[in-house]
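Chain A is the first sequence line, chain B the second, and so forth, proteins listed ahead of strands; every chain is numbered from 1.
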Amino acid sequence: MKKKYWLMKSEPGEYSIQDLKESEGGIDYWDGVRNYQARNFMRDDMKIGDRVLFYHSGKRPAVVGTAKVVATGYPDHTAWDPQSNHFDKRSTPENPVWFMVDIQFESEFSRPLPLKELRQISGLENMMLLRKGMRLSIQPVTRKEFDIVVKAGKGKS
DNA sequence: GCCAACGTTGGC
DNA sequence: GCCAACGTTGGC
């Protein structure tokens with residue numbers, strides 16, 4: 001099984017890389033995705049050992065670190081919790097609609113690598129994140145792109 | 001705060 | 001099955 005590479009977006013006010021880092025064992029579940037394409041990636045394509053670029057959207061859009069997939073897709077229980085703001089009555093334990101994976105904190109860049117800088121790095125011209133109108137919260141990334149971003153992120157201080 | 005791009009919903 | 005209206009995302 002070939003290792004794959006991903007980018008996962010989160011509003012840091014909602015869930016940041018620090019939250020992941022500070023969770024038990026650095027492991028947490030990626031709940032709340034309510035987009036079918038992103039769901040399909042988690043349910044069908046993300047495998048244990050896949051690497052992840054952790055992206056903060058919002059005020060300071062930037063890649064902030066890396067993580068790895070430690071559990072493959074399973075039902076997102078927040079969808080059938082009426083108290084959750086990700087509640088979706090169409091999803092039930094018997095017939096789950098939404099899925100999530102577990103990821104584990106791996107590294108945090110010494111400083112966030114802003115979206116603006118990503119646009120200027122050669123080799124990233126075709127990166128999905130940089131395409132106009134791209135809102136998908138989970139995106140496949142090529143190995144090359146992953147390596148370039150990590151190298152640029154680690155090189156910062 | 002604005003607004004473009006996108007996904008979803010619902011009337012027909 | 002089309003498409004207008006609406007809500008959301010997310011960069012600027």
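Residues satisfying the side chain to side chain donor-acceptor pair (under 3.5 Å) criterion with A:R39, sequence neighbours excluded, are absent altogether.
The existence of a salt bridge linking A:E125 and A:R119 is excluded, since no basic side-chain nitrogen approaches an acidic carboxylate oxygen closer than 4.0 Å. Look at A:E117 and A:R111 and you find a salt bridge, because one of the NZ, NE, NH1 or NH2 atoms lies within 4.0 Å of a carboxylate O, short of that distance. Using a 4.0 Å cut-off between charged nitrogen and carboxylate oxygen, A:R143 and A:D147 count as a salt-bridge pair.
Rounded to an integer number of Å, the gap from CD of A:Q37 to P of C:dT9 is 16 Å. Atom pair A:D88:CG and B:dT8:C1' shows a separation of 12 Å (rounding to whole Å applied). Per the geometry, CZ belonging to A:R119 stands 13 Å off P belonging to C:dG10, to the nearest Å. One atom, CE of A:M134, and another, C1' of C:dG10, lie 13 Å apart when rounded to the nearest Å. Rounded to an integer number of Å, the gap from CG of A:L130 to P of C:dG11 is 11 Å. A:L115 places its CG atom 10 Å from the C1' atom of C:dG10, with the value rounded to the nearest Å. The distance from atom CE of A:M8 to atom P of C:dG10 is 13 Å, rounded to the nearest whole Å. With rounding to whole Å, A:L136 atom CG is found 17 Å from B:dA5 atom P.
Checking the phosphate oxygens (OP1, OP2) of C:dG11, a side-chain nitrogen or oxygen of A:Y55 falls inside 4.0 Å. The phosphate of B:dA4 (OP1 or OP2) has no side-chain N or O of A:K132 nearer than 4.0 angstrom.
The nucleotide whose nearest atom lies closest to any side-chain atom of A:R135 is, among C:dG10, B:dT9, C:dC12, C:dG10.
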